[in-house]
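Note that ligands are numbered from 1 as they come in the structure, with each ligand's atoms numbered from 1 the same way. Both backbone and side-chain heavy atoms feed into the values below; hydrogens, waters and symmetry mates do not.
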Amino acid sequence: MKRAGMEDDMSYDHVLTADYAALLAEEYNYRPIFDDELGFNLFARPPHPDPTTLPTRPPIVTIMGHVDHGKTTLLDTLRSTAVAKGEAGGITQHIGAFSVPVPGGSGSITFLDTPGHAAFSAMRARGAQVTDIIVLVVAADDGVMPQTREVLELIKKDENVSVIVAVNKVDKPGADADKVKRALMAEGLELEDFGGEIPSVEVSGLTGKNLPALVETLSAVAEMKDIRAERDGDVNGFVLEAKVSKGLGSVATVLVTRGCLKPGSHILAGCANAKVRSMADSAGKPVKEAFPGMAVTVSGWKHLPTAGDEVLQGSESDIKKALSNRERKADQDSSVRDVDAINEARRLERERRQLEEQAEDAGKVFVAEDAPKGPMKVKLLIKADVSGSAEAVSGALHNLGNDAVKSQVISAGVGDVSESDILTAKAAKASVVAFSVKVPKAMELLAHREGVPIMSSPIIYRLVDSVTDAVRDKLPKVV
Ligand code: GDP
(Lines give C-alpha, C1' and ligand atoms only; values in the text may rest on other atoms or scores of the structure.)
Protein backbone atom coordinates (compact mmCIF):
# COMPACT_ATOMS: atom_id res chain seq x y z
CA MET A 1 0.00 0.00 0.00
CA LYS A 2 1.19 3.49 -0.80
CA ARG A 3 1.12 6.11 1.92
CA ALA A 4 -0.24 9.55 1.06
CA GLY A 5 2.50 11.80 -0.21
CA MET A 6 4.78 8.95 -1.24
CA GLU A 7 6.78 9.48 -4.39
CA ASP A 8 6.25 7.06 -7.24
CA ASP A 9 9.66 5.49 -6.94
CA MET A 10 9.26 4.72 -3.22
CA SER A 11 8.50 1.23 -2.03
CA TYR A 12 5.23 -0.20 -0.75
CA ASP A 13 4.94 -1.23 2.90
CA HIS A 14 1.74 -3.33 2.73
CA VAL A 15 0.20 -5.94 0.49
CA LEU A 16 -3.58 -5.94 0.87
CA THR A 17 -5.76 -9.00 0.68
CA ALA A 18 -8.74 -8.69 -1.65
CA ASP A 19 -11.11 -8.65 1.34
CA TYR A 20 -9.27 -5.86 3.12
CA ALA A 21 -8.97 -3.81 -0.07
CA ALA A 22 -12.70 -4.25 -0.59
CA LEU A 23 -13.44 -2.98 2.92
CA LEU A 24 -11.30 0.08 2.32
CA ALA A 25 -12.97 0.73 -1.02
CA GLU A 26 -16.42 0.48 0.58
CA GLU A 27 -15.38 2.94 3.26
CA TYR A 28 -14.76 5.45 0.48
CA ASN A 29 -18.13 4.67 -1.10
CA TYR A 30 -16.77 2.63 -4.00
CA ARG A 31 -18.34 -0.66 -4.98
CA PRO A 32 -15.53 -3.22 -5.21
CA ILE A 33 -15.56 -5.94 -7.87
CA PHE A 34 -13.71 -9.22 -7.52
CA ASP A 35 -12.23 -10.54 -10.71
CA ASP A 36 -12.12 -14.27 -10.06
CA GLU A 37 -10.88 -15.19 -13.49
CA LEU A 38 -7.82 -13.00 -13.09
CA GLY A 39 -7.44 -13.93 -9.45
CA PHE A 40 -7.53 -17.67 -9.96
CA ASN A 41 -6.01 -17.70 -13.41
CA LEU A 42 -8.87 -19.97 -14.16
CA PHE A 43 -8.35 -21.04 -17.72
CA ALA A 44 -4.68 -20.70 -18.41
CA ARG A 45 -3.77 -24.24 -19.36
CA PRO A 46 0.01 -24.10 -19.03
CA PRO A 47 2.11 -24.94 -22.07
CA HIS A 48 3.33 -28.52 -22.18
CA PRO A 49 6.87 -28.84 -20.72
CA ASP A 50 8.08 -30.93 -23.66
CA PRO A 51 5.86 -30.55 -26.74
CA THR A 52 8.12 -32.85 -28.79
CA THR A 53 6.68 -35.81 -26.85
CA LEU A 54 3.09 -34.98 -27.82
CA PRO A 55 1.19 -36.67 -30.66
CA THR A 56 1.10 -34.84 -34.01
CA ARG A 57 -2.09 -33.15 -35.11
CA PRO A 58 -3.43 -32.32 -38.59
CA PRO A 59 -2.26 -28.93 -39.89
CA ILE A 60 -4.88 -26.17 -40.11
CA VAL A 61 -4.80 -24.58 -43.55
CA THR A 62 -6.38 -21.39 -44.88
CA ILE A 63 -6.72 -20.58 -48.55
CA MET A 64 -6.21 -16.92 -49.37
CA GLY A 65 -5.77 -14.77 -52.44
CA HIS A 66 -7.30 -12.18 -54.71
CA VAL A 67 -11.01 -12.29 -55.50
CA ASP A 68 -11.86 -14.52 -58.49
CA HIS A 69 -8.49 -16.26 -58.40
CA GLY A 70 -10.31 -19.52 -57.62
CA LYS A 71 -10.31 -20.00 -53.82
CA THR A 72 -13.90 -21.22 -53.61
CA THR A 73 -13.52 -23.54 -56.59
CA LEU A 74 -10.34 -25.00 -55.12
CA LEU A 75 -12.01 -25.58 -51.74
CA ASP A 76 -15.07 -27.15 -53.38
CA THR A 77 -12.96 -29.55 -55.44
CA LEU A 78 -10.81 -30.48 -52.44
CA ARG A 79 -13.93 -31.06 -50.35
CA SER A 80 -15.73 -33.16 -52.94
CA THR A 81 -12.69 -35.36 -53.63
CA ALA A 82 -12.34 -35.86 -49.88
CA VAL A 83 -15.99 -36.85 -49.64
CA ALA A 84 -15.68 -39.20 -52.61
CA LYS A 85 -12.68 -40.88 -50.96
CA GLY A 86 -14.25 -41.04 -47.54
CA GLU A 87 -17.01 -43.30 -46.36
CA ALA A 88 -20.29 -43.15 -48.22
CA GLY A 89 -23.28 -41.33 -46.85
CA GLY A 90 -23.83 -37.91 -45.38
CA ILE A 91 -24.34 -34.69 -47.24
CA THR A 92 -21.48 -32.29 -46.65
CA GLN A 93 -22.47 -29.07 -45.00
CA HIS A 94 -20.63 -25.82 -44.79
CA ILE A 95 -19.50 -25.74 -41.16
CA GLY A 96 -16.39 -23.57 -41.49
CA ALA A 97 -13.83 -26.34 -42.00
CA PHE A 98 -13.39 -29.76 -43.54
CA SER A 99 -10.82 -32.50 -43.48
CA VAL A 100 -8.94 -34.03 -46.41
CA PRO A 101 -7.07 -37.35 -46.00
CA VAL A 102 -3.43 -37.40 -47.06
CA PRO A 103 -2.82 -40.09 -49.72
CA GLY A 104 -0.98 -43.04 -48.24
CA GLY A 105 -3.02 -43.02 -45.08
CA SER A 106 -0.74 -40.73 -43.08
CA GLY A 107 -3.16 -38.40 -41.35
CA SER A 108 -5.22 -35.58 -42.74
CA ILE A 109 -5.31 -31.85 -43.40
CA THR A 110 -7.91 -29.47 -42.02
CA PHE A 111 -8.98 -26.72 -44.43
CA LEU A 112 -10.77 -23.65 -43.08
CA ASP A 113 -13.46 -22.54 -45.47
CA THR A 114 -14.14 -19.18 -43.85
CA PRO A 115 -15.73 -17.12 -46.59
CA GLY A 116 -13.12 -16.21 -49.16
CA HIS A 117 -15.00 -12.94 -49.48
CA ALA A 118 -12.82 -10.01 -50.32
CA ALA A 119 -14.15 -7.88 -47.48
CA PHE A 120 -13.88 -10.46 -44.73
CA SER A 121 -10.74 -8.92 -43.37
CA ALA A 122 -11.80 -9.43 -39.76
CA MET A 123 -12.40 -13.12 -40.19
CA ARG A 124 -9.39 -13.51 -42.40
CA ALA A 125 -7.19 -12.02 -39.75
CA ARG A 126 -8.70 -14.53 -37.33
CA GLY A 127 -8.22 -17.35 -39.80
CA ALA A 128 -4.55 -16.57 -39.81
CA GLN A 129 -4.39 -16.73 -36.02
CA VAL A 130 -5.38 -20.37 -35.94
CA THR A 131 -3.69 -21.20 -39.21
CA ASP A 132 -0.50 -23.23 -39.52
CA ILE A 133 -0.20 -22.95 -43.30
CA ILE A 134 -1.59 -20.44 -45.79
CA VAL A 135 -2.17 -21.51 -49.38
CA LEU A 136 -1.75 -18.35 -51.43
CA VAL A 137 -3.81 -18.77 -54.58
CA VAL A 138 -2.71 -16.72 -57.60
CA ALA A 139 -4.47 -17.09 -60.93
CA ALA A 140 -1.96 -17.82 -63.69
CA ASP A 141 -3.90 -15.63 -66.13
CA ASP A 142 -4.05 -12.63 -63.82
CA GLY A 143 -0.95 -12.54 -61.63
CA VAL A 144 -0.20 -10.52 -58.49
CA MET A 145 -3.18 -8.31 -57.58
CA PRO A 146 -4.01 -5.99 -54.62
CA GLN A 147 -5.39 -8.75 -52.39
CA THR A 148 -2.44 -10.98 -53.27
CA ARG A 149 -0.25 -8.22 -51.82
CA GLU A 150 -2.48 -8.00 -48.72
CA VAL A 151 -1.82 -11.69 -48.09
CA LEU A 152 1.91 -11.17 -48.65
CA GLU A 153 1.82 -8.40 -46.02
CA LEU A 154 -0.04 -10.66 -43.60
CA ILE A 155 2.49 -13.44 -44.11
CA LYS A 156 5.38 -11.05 -43.42
CA LYS A 157 3.80 -10.08 -40.09
CA ASP A 158 3.21 -13.62 -38.85
CA GLU A 159 6.38 -15.63 -38.65
CA ASN A 160 4.64 -18.73 -37.26
CA VAL A 161 2.67 -19.33 -40.41
CA SER A 162 4.11 -21.23 -43.39
CA VAL A 163 3.16 -20.53 -46.99
CA ILE A 164 2.57 -22.56 -50.11
CA VAL A 165 1.79 -20.91 -53.43
CA ALA A 166 -0.90 -22.46 -55.61
CA VAL A 167 -0.57 -21.05 -59.11
CA ASN A 168 -4.15 -21.68 -60.20
CA LYS A 169 -6.08 -21.89 -63.47
CA VAL A 170 -3.14 -23.44 -65.31
CA ASP A 171 -5.70 -25.12 -67.61
CA LYS A 172 -6.48 -21.75 -69.16
CA PRO A 173 -4.99 -20.95 -72.58
CA GLY A 174 -3.48 -17.62 -71.47
CA ALA A 175 -1.92 -19.08 -68.29
CA ASP A 176 1.71 -18.19 -67.62
CA ALA A 177 2.79 -19.81 -64.35
CA ASP A 178 6.43 -18.73 -64.66
CA LYS A 179 5.47 -15.11 -65.05
CA VAL A 180 3.37 -15.32 -61.88
CA LYS A 181 6.25 -16.89 -59.96
CA ARG A 182 8.66 -14.19 -61.12
CA ALA A 183 6.17 -11.53 -60.06
CA LEU A 184 5.89 -13.14 -56.60
CA MET A 185 9.69 -13.21 -56.34
CA ALA A 186 9.71 -9.52 -57.20
CA GLU A 187 7.32 -8.97 -54.27
CA GLY A 188 9.85 -10.62 -51.96
CA LEU A 189 8.42 -14.14 -51.74
CA GLU A 190 11.34 -16.56 -51.87
CA LEU A 191 10.10 -19.46 -53.97
CA GLU A 192 11.82 -22.85 -54.12
CA ASP A 193 12.06 -22.56 -57.92
CA PHE A 194 14.43 -19.65 -57.41
CA GLY A 195 16.45 -21.15 -54.55
CA GLY A 196 14.16 -20.04 -51.72
CA GLU A 197 12.16 -22.13 -49.28
CA ILE A 198 8.55 -21.55 -50.29
CA PRO A 199 7.07 -24.37 -52.38
CA SER A 200 4.71 -23.71 -55.25
CA VAL A 201 2.35 -26.04 -57.07
CA GLU A 202 0.71 -25.42 -60.44
CA VAL A 203 -2.92 -26.43 -60.11
CA SER A 204 -6.37 -26.16 -61.59
CA GLY A 205 -9.15 -26.00 -59.08
CA LEU A 206 -11.58 -26.49 -61.92
CA THR A 207 -10.16 -29.69 -63.42
CA GLY A 208 -8.57 -30.93 -60.20
CA LYS A 209 -5.14 -31.04 -61.87
CA ASN A 210 -2.30 -31.42 -59.36
CA LEU A 211 -4.53 -31.17 -56.29
CA PRO A 212 -3.03 -34.42 -54.92
CA ALA A 213 0.40 -32.76 -55.31
CA LEU A 214 -0.89 -29.73 -53.38
CA VAL A 215 -2.14 -31.97 -50.57
CA GLU A 216 1.18 -33.85 -50.49
CA THR A 217 3.14 -30.60 -50.37
CA LEU A 218 0.95 -29.41 -47.50
CA SER A 219 1.57 -32.66 -45.69
CA ALA A 220 5.35 -32.34 -46.21
CA VAL A 221 5.36 -28.76 -44.92
CA ALA A 222 3.29 -29.82 -41.91
CA GLU A 223 5.73 -32.61 -41.16
CA MET A 224 8.64 -30.15 -41.21
CA LYS A 225 6.73 -27.86 -38.86
CA ASP A 226 6.23 -30.80 -36.49
CA ILE A 227 2.81 -29.70 -35.29
CA ARG A 228 1.88 -31.39 -32.02
CA ALA A 229 -0.80 -31.04 -29.35
CA GLU A 230 -2.27 -32.85 -26.36
CA ARG A 231 -5.08 -35.23 -27.29
CA ASP A 232 -6.32 -35.33 -23.72
CA GLY A 233 -7.26 -32.91 -20.97
CA ASP A 234 -9.14 -29.64 -21.13
CA VAL A 235 -9.99 -28.31 -24.55
CA ASN A 236 -8.69 -25.15 -26.16
CA GLY A 237 -10.10 -24.09 -29.49
CA PHE A 238 -11.86 -21.45 -31.55
CA VAL A 239 -15.39 -20.80 -32.71
CA LEU A 240 -15.40 -20.80 -36.51
CA GLU A 241 -19.09 -20.19 -37.09
CA ALA A 242 -22.27 -19.92 -35.07
CA LYS A 243 -25.90 -19.96 -36.01
CA VAL A 244 -29.32 -20.85 -34.69
CA SER A 245 -30.47 -24.12 -36.17
CA LYS A 246 -34.03 -25.40 -36.23
CA GLY A 247 -34.41 -28.14 -33.64
CA LEU A 248 -30.89 -27.85 -32.26
CA GLY A 249 -30.94 -24.27 -30.98
CA SER A 250 -27.63 -22.41 -30.96
CA VAL A 251 -24.97 -24.39 -32.80
CA ALA A 252 -21.33 -23.43 -33.23
CA THR A 253 -18.45 -24.98 -35.09
CA VAL A 254 -15.53 -25.45 -32.73
CA LEU A 255 -12.06 -26.02 -34.08
CA VAL A 256 -10.15 -27.92 -31.40
CA THR A 257 -6.49 -26.96 -30.95
CA ARG A 258 -5.70 -28.79 -27.68
CA GLY A 259 -7.31 -31.49 -25.57
CA CYS A 260 -10.33 -33.65 -26.28
CA LEU A 261 -13.87 -32.35 -26.61
CA LYS A 262 -16.68 -34.73 -25.63
CA PRO A 263 -20.41 -34.57 -25.07
CA GLY A 264 -20.95 -33.46 -21.48
CA SER A 265 -17.90 -31.10 -21.43
CA HIS A 266 -18.51 -27.62 -20.03
CA ILE A 267 -17.08 -25.00 -22.34
CA LEU A 268 -17.00 -21.23 -22.59
CA ALA A 269 -16.55 -18.91 -25.60
CA GLY A 270 -16.79 -15.18 -25.00
CA CYS A 271 -19.96 -14.71 -22.96
CA ALA A 272 -21.57 -17.93 -24.18
CA ASN A 273 -21.30 -21.28 -22.44
CA ALA A 274 -22.36 -24.78 -23.29
CA LYS A 275 -22.65 -28.20 -21.80
CA VAL A 276 -21.85 -30.05 -25.00
CA ARG A 277 -24.99 -31.95 -26.00
CA SER A 278 -23.98 -33.41 -29.35
CA MET A 279 -21.20 -33.03 -31.88
CA ALA A 280 -21.06 -33.75 -35.62
CA ASP A 281 -18.54 -33.50 -38.46
CA SER A 282 -19.00 -31.69 -41.79
CA ALA A 283 -20.83 -34.74 -43.19
CA GLY A 284 -23.32 -34.46 -40.33
CA LYS A 285 -22.06 -37.68 -38.75
CA PRO A 286 -22.13 -37.80 -34.94
CA VAL A 287 -18.72 -37.46 -33.29
CA LYS A 288 -17.97 -38.82 -29.82
CA GLU A 289 -14.53 -37.27 -29.35
CA ALA A 290 -13.01 -34.28 -31.14
CA PHE A 291 -9.21 -34.03 -31.10
CA PRO A 292 -6.86 -31.18 -32.09
CA GLY A 293 -7.17 -30.20 -35.73
CA MET A 294 -10.78 -31.38 -35.90
CA ALA A 295 -13.71 -29.03 -36.47
CA VAL A 296 -17.09 -30.15 -35.16
CA THR A 297 -20.48 -28.57 -34.82
CA VAL A 298 -21.41 -28.37 -31.16
CA SER A 299 -24.93 -28.05 -29.80
CA GLY A 300 -25.91 -27.23 -26.23
CA TRP A 301 -25.05 -23.50 -26.15
CA LYS A 302 -27.07 -21.31 -23.83
CA HIS A 303 -26.39 -18.32 -26.11
CA LEU A 304 -24.93 -17.92 -29.56
CA PRO A 305 -21.14 -17.51 -29.34
CA THR A 306 -19.23 -15.29 -31.75
CA ALA A 307 -16.98 -16.53 -34.56
CA GLY A 308 -13.35 -16.10 -33.63
CA ASP A 309 -13.93 -16.43 -29.88
CA GLU A 310 -11.55 -18.64 -27.99
CA VAL A 311 -13.08 -21.82 -26.56
CA LEU A 312 -12.00 -22.95 -23.09
CA GLN A 313 -13.04 -25.84 -20.91
CA GLY A 314 -13.51 -25.88 -17.14
CA SER A 315 -15.62 -27.24 -14.34
CA GLU A 316 -19.24 -26.14 -14.30
CA SER A 317 -18.67 -23.86 -11.30
CA ASP A 318 -15.48 -22.28 -12.71
CA ILE A 319 -17.27 -21.54 -15.96
CA LYS A 320 -20.13 -19.98 -14.03
CA LYS A 321 -17.69 -17.70 -12.21
CA ALA A 322 -15.85 -16.76 -15.39
CA LEU A 323 -19.15 -16.12 -17.13
CA SER A 324 -20.39 -13.72 -14.47
CA ASN A 325 -17.05 -11.88 -14.63
CA ARG A 326 -17.24 -11.62 -18.38
CA GLU A 327 -20.87 -10.54 -18.36
CA ARG A 328 -20.06 -7.83 -15.87
CA LYS A 329 -17.20 -6.63 -18.05
CA ALA A 330 -19.46 -6.73 -21.09
CA ASP A 331 -21.97 -4.65 -19.13
CA GLN A 332 -19.46 -1.87 -19.13
CA ASP A 333 -18.96 -1.93 -22.86
CA SER A 334 -20.92 -0.38 -25.65
CA SER A 335 -23.30 -3.21 -26.41
CA VAL A 336 -25.23 -2.54 -23.23
CA ARG A 337 -25.25 1.17 -23.84
CA ASP A 338 -26.77 0.23 -27.19
CA VAL A 339 -29.56 -1.64 -25.42
CA ASP A 340 -30.08 1.49 -23.33
CA ALA A 341 -30.25 3.52 -26.52
CA ILE A 342 -32.93 1.22 -27.88
CA ASN A 343 -34.95 1.38 -24.65
CA GLU A 344 -34.63 5.14 -24.53
CA ALA A 345 -35.77 5.42 -28.14
CA ARG A 346 -38.74 3.13 -27.38
CA ARG A 347 -39.67 5.28 -24.36
CA LEU A 348 -39.52 8.46 -26.44
CA GLU A 349 -41.59 6.80 -29.15
CA ARG A 350 -44.27 5.81 -26.59
CA GLU A 351 -44.30 9.34 -25.20
CA ARG A 352 -44.56 10.81 -28.66
CA ARG A 353 -47.52 8.55 -29.45
CA GLN A 354 -49.25 9.52 -26.19
CA LEU A 355 -48.75 13.21 -26.93
CA GLU A 356 -50.01 12.65 -30.46
CA GLU A 357 -53.16 10.94 -29.13
CA GLN A 358 -53.73 13.65 -26.53
CA ALA A 359 -53.30 16.32 -29.18
CA GLU A 360 -55.69 14.49 -31.48
CA ASP A 361 -58.28 14.22 -28.67
CA ALA A 362 -57.98 17.93 -28.12
CA GLY A 363 -58.40 18.52 -31.84
CA LYS A 364 -54.84 19.79 -32.26
CA VAL A 365 -51.92 18.72 -34.40
CA PHE A 366 -48.89 17.49 -32.46
CA VAL A 367 -45.55 18.84 -33.64
CA ALA A 368 -42.48 17.09 -32.27
CA GLU A 369 -39.67 19.23 -31.00
CA ASP A 370 -36.46 19.32 -32.94
CA ALA A 371 -33.89 16.69 -32.14
CA PRO A 372 -31.45 17.81 -29.48
CA LYS A 373 -28.29 19.49 -30.68
CA GLY A 374 -24.95 17.65 -30.71
CA PRO A 375 -23.44 15.08 -33.06
CA MET A 376 -26.15 13.35 -35.04
CA LYS A 377 -26.16 9.60 -35.49
CA VAL A 378 -27.02 7.34 -38.36
CA LYS A 379 -28.09 4.33 -36.33
CA LEU A 380 -27.76 0.85 -37.76
CA LEU A 381 -29.28 -2.50 -36.86
CA ILE A 382 -27.25 -5.22 -38.54
CA LYS A 383 -28.41 -8.67 -39.59
CA ALA A 384 -25.92 -11.08 -41.16
CA ASP A 385 -25.67 -14.73 -42.17
CA VAL A 386 -23.16 -15.86 -39.55
CA SER A 387 -21.85 -14.22 -36.40
CA GLY A 388 -18.39 -13.71 -37.87
CA SER A 389 -19.80 -11.66 -40.70
CA ALA A 390 -22.11 -9.74 -38.32
CA GLU A 391 -18.99 -8.71 -36.49
CA ALA A 392 -17.03 -7.89 -39.64
CA VAL A 393 -19.91 -5.78 -40.99
CA SER A 394 -20.30 -3.98 -37.63
CA GLY A 395 -16.59 -3.23 -37.63
CA ALA A 396 -16.76 -1.83 -41.14
CA LEU A 397 -19.89 0.28 -40.61
CA HIS A 398 -19.42 1.67 -37.09
CA ASN A 399 -18.23 5.26 -36.62
CA LEU A 400 -18.24 6.31 -40.27
CA GLY A 401 -18.53 10.05 -40.62
CA ASN A 402 -17.15 13.03 -38.74
CA ASP A 403 -17.76 15.10 -35.59
CA ALA A 404 -21.10 16.33 -36.89
CA VAL A 405 -22.63 13.06 -38.07
CA LYS A 406 -21.50 9.54 -37.28
CA SER A 407 -22.80 6.05 -37.90
CA GLN A 408 -23.50 3.92 -34.85
CA VAL A 409 -24.20 0.20 -34.78
CA ILE A 410 -26.91 -0.30 -32.16
CA SER A 411 -27.14 -4.05 -32.52
CA ALA A 412 -25.77 -6.85 -34.67
CA GLY A 413 -27.32 -10.27 -34.99
CA VAL A 414 -27.66 -13.36 -37.12
CA GLY A 415 -30.60 -14.39 -39.31
CA ASP A 416 -33.08 -13.05 -41.84
CA VAL A 417 -34.65 -9.64 -41.29
CA SER A 418 -37.68 -10.12 -39.04
CA GLU A 419 -40.65 -8.10 -37.88
CA SER A 420 -39.04 -7.42 -34.52
CA ASP A 421 -35.90 -6.11 -36.27
CA ILE A 422 -37.97 -3.61 -38.18
CA LEU A 423 -39.97 -2.53 -35.14
CA THR A 424 -36.80 -2.21 -33.06
CA ALA A 425 -35.17 -0.17 -35.83
CA LYS A 426 -38.26 2.04 -36.01
CA ALA A 427 -38.26 2.61 -32.26
CA ALA A 428 -34.57 3.45 -32.30
CA LYS A 429 -34.86 5.49 -35.54
CA ALA A 430 -32.31 3.19 -37.10
CA SER A 431 -31.78 1.67 -40.53
CA VAL A 432 -31.67 -2.09 -41.02
CA VAL A 433 -28.52 -3.42 -42.68
CA ALA A 434 -28.95 -6.89 -44.22
CA PHE A 435 -25.69 -8.63 -45.14
CA SER A 436 -26.07 -11.91 -47.06
CA VAL A 437 -29.48 -12.56 -45.49
CA LYS A 438 -32.99 -12.56 -46.87
CA VAL A 439 -35.32 -9.62 -46.54
CA PRO A 440 -38.70 -11.33 -46.98
CA LYS A 441 -41.17 -9.43 -49.16
CA ALA A 442 -43.53 -8.95 -46.20
CA MET A 443 -40.71 -7.36 -44.23
CA GLU A 444 -39.86 -5.03 -47.11
CA LEU A 445 -43.48 -3.89 -47.11
CA LEU A 446 -43.54 -3.47 -43.34
CA ALA A 447 -40.31 -1.45 -43.44
CA HIS A 448 -41.73 0.73 -46.16
CA ARG A 449 -44.91 1.30 -44.16
CA GLU A 450 -42.99 2.11 -40.98
CA GLY A 451 -40.48 4.30 -42.77
CA VAL A 452 -37.49 2.14 -41.86
CA PRO A 453 -34.72 2.22 -44.48
CA ILE A 454 -33.18 -1.16 -45.39
CA MET A 455 -29.73 -1.46 -46.89
CA SER A 456 -29.17 -4.93 -48.30
CA SER A 457 -26.10 -6.35 -50.03
CA PRO A 458 -23.75 -9.34 -49.84
CA ILE A 459 -20.80 -7.01 -50.41
CA ILE A 460 -19.45 -5.02 -47.48
CA TYR A 461 -18.04 -2.10 -49.43
CA ARG A 462 -21.45 -1.49 -51.04
CA LEU A 463 -22.92 -1.25 -47.53
CA VAL A 464 -20.10 1.09 -46.53
CA ASP A 465 -21.04 3.27 -49.52
CA SER A 466 -24.74 3.26 -48.55
CA VAL A 467 -24.00 4.21 -44.94
CA THR A 468 -21.56 6.91 -46.04
CA ASP A 469 -24.31 8.32 -48.28
CA ALA A 470 -26.77 8.27 -45.36
CA VAL A 471 -24.22 10.09 -43.18
CA ARG A 472 -23.58 12.63 -45.93
CA ASP A 473 -27.34 13.23 -46.31
CA LYS A 474 -27.53 14.18 -42.64
CA LEU A 475 -24.63 16.62 -42.74
CA PRO A 476 -25.73 20.20 -42.12
CA LYS A 477 -26.11 21.91 -45.46
CA VAL A 478 -23.83 24.87 -46.04
CA VAL A 479 -25.91 27.76 -47.42
P1 GDP B 1 -12.71 -16.80 -55.55
O2 GDP B 1 -13.33 -15.46 -55.63
O3 GDP B 1 -11.22 -16.70 -55.37
O4 GDP B 1 -13.34 -17.73 -54.57
O5 GDP B 1 -12.86 -17.45 -57.01
P6 GDP B 1 -13.91 -18.54 -57.54
O7 GDP B 1 -13.55 -19.89 -57.07
O8 GDP B 1 -15.28 -18.05 -57.31
O9 GDP B 1 -13.56 -18.53 -59.09
C10 GDP B 1 -13.75 -17.38 -59.89
C11 GDP B 1 -13.97 -17.79 -61.33
O12 GDP B 1 -12.83 -18.48 -61.84
C13 GDP B 1 -15.14 -18.77 -61.50
O14 GDP B 1 -15.81 -18.45 -62.69
C15 GDP B 1 -14.47 -20.13 -61.62
O16 GDP B 1 -15.20 -21.04 -62.38
C17 GDP B 1 -13.17 -19.77 -62.31
N18 GDP B 1 -12.09 -20.68 -61.94
C19 GDP B 1 -11.71 -21.01 -60.69
N20 GDP B 1 -10.69 -21.89 -60.73
C21 GDP B 1 -10.42 -22.13 -62.03
C22 GDP B 1 -9.46 -22.95 -62.72
O23 GDP B 1 -8.63 -23.66 -62.15
N24 GDP B 1 -9.50 -22.91 -64.09
C25 GDP B 1 -10.40 -22.16 -64.78
N26 GDP B 1 -10.35 -22.18 -66.09
N27 GDP B 1 -11.30 -21.37 -64.15
C28 GDP B 1 -11.32 -21.36 -62.80
Side-chain angles (χ1 to χ4, degrees), residues 61-84 92-98 100 109-128 131 133-155 163-181 183-184 187 189 199-218 240-241 282 307 384-386 388-389 392-393 396 435-436 457-463:
V61 176
T62 303
I63 295 191
M64 292 181 169
H66 193 71
V67 67
D68 279 347
H69 278 198
K71 299 177 292 295
T72 314
T73 310
L74 192 61
L75 279 165
D76 284 348
T77 310
L78 283 166
R79 184 196 280 119
S80 56
T81 39
V83 172
T92 52
Q93 296 158 355
H94 168 88
I95 68 163
F98 62 91
V100 172
I109 295 169
T110 304
F111 286 91
L112 297 189
D113 66 357
T114 41
H117 211 286
F120 269 75
S121 48
M123 281 185 79
R124 220 162 51 174
R126 286 221 177 88
T131 297
I133 308 170
I134 289 174
V135 174
L136 172 58
V137 173
V138 191
D141 62 339
D142 203 19
V144 172
M145 295 303 279
Q147 284 160 290
T148 318
R149 290 201 182 88
E150 272 178 37
V151 181
L152 293 173
E153 283 303 308
L154 206 132
I155 294 163
V163 186
I164 292 177
V165 171
V167 181
N168 194 28
K169 305 197 188 185
V170 292
D171 61 293
K172 278 192 134 179
D176 188 345
D178 286 338
K179 193 172 154 198
V180 169
K181 289 184 198 169
L184 287 168
E187 297 282 337
L189 202 68
S200 67
V201 188
E202 294 174 22
V203 300
S204 166
L206 202 64
T207 66
K209 185 186 172 195
N210 266 348
L211 293 199
L214 177 65
V215 170
E216 268 165 40
T217 309
L218 280 165
L240 294 182
E241 279 183 13
S282 60
D385 51 348
V386 288
S389 54
V393 174
F435 176 76
S436 287
S457 174
I459 299 169
I460 294 189
Y461 70 77
R462 294 234 168 96
L463 294 173

Among all residues two or more places apart in sequence or in another chain, which pass the salt bridge (charged side-chain N to carboxylate O under 4.0 Å, His left out) test with Lys181?
-> Asp193, Glu202
[atom1]/[X] to [atom2]/[Y] distance, rounded to the nearest 0.5 angstrom?
| X | Y | atom1 | atom2 | answer |
| --- | --- | --- | --- | --- |
| Lys172 | Asp142 | NZ | CG | 8.5 Å |
| Leu74 | Leu214 | CG | CG | 6.5 Å |
| Thr73 | Asn168 | OG1 | CG | 7.5 Å |
| Met64 | Ile155 | CE | CD1 | 8.0 Å |

Are any of the N/O atoms on [X], whether in the backbone or the side chain, positioned under 3.5 angstrom from an N/O atom of ligand 1?
| X | result |
| --- | --- |
| Val203 | no |
| Lys169 | yes |
| Gly205 | yes |

What atoms of ligand 1 come closer than 4.0 angstrom to any heavy atom of [X]?
| X | answer |
| --- | --- |
| His69 | 3 (O), 5 (O) |
| Ser204 | 22 (C), 23 (O), 24 (N) |
| His66 | 3 (O) |
| Lys172 | 26 (N) |

Backbone N or O of Thr207 within a donor-acceptor pair of the Ser204 side chain at under 3.5 Å?
-> yes
Looking only at atom types and distance, does a side-chain atom of Ser457 sit under 3.5 Å from a main-chain N or O of Leu463, one as donor and one as acceptor?
-> no
For His66, the option from Arg149, Lys71, Gln147, Glu150 that meets side chain to side chain donor-acceptor pair (under 3.5 Å) = Gln147
Quick one: does ligand 1 sit under 4.0 Å from the side chain of Lys71, the backbone, both or neither, non-hydrogen atoms only?
-> both
Short version for Asp171: what comes under 4.0 Å of ligand 1, heavy atoms counted, is side chain
Which of these, Asn168, Val67, Asp68, has its nearest heavy atom closest to atom 10 (C) of ligand 1?
-> Asp68
Look at ligand 1 and say whether Lys209 reaches it with a heavy atom at a distance under 4.0 Å.
-> no
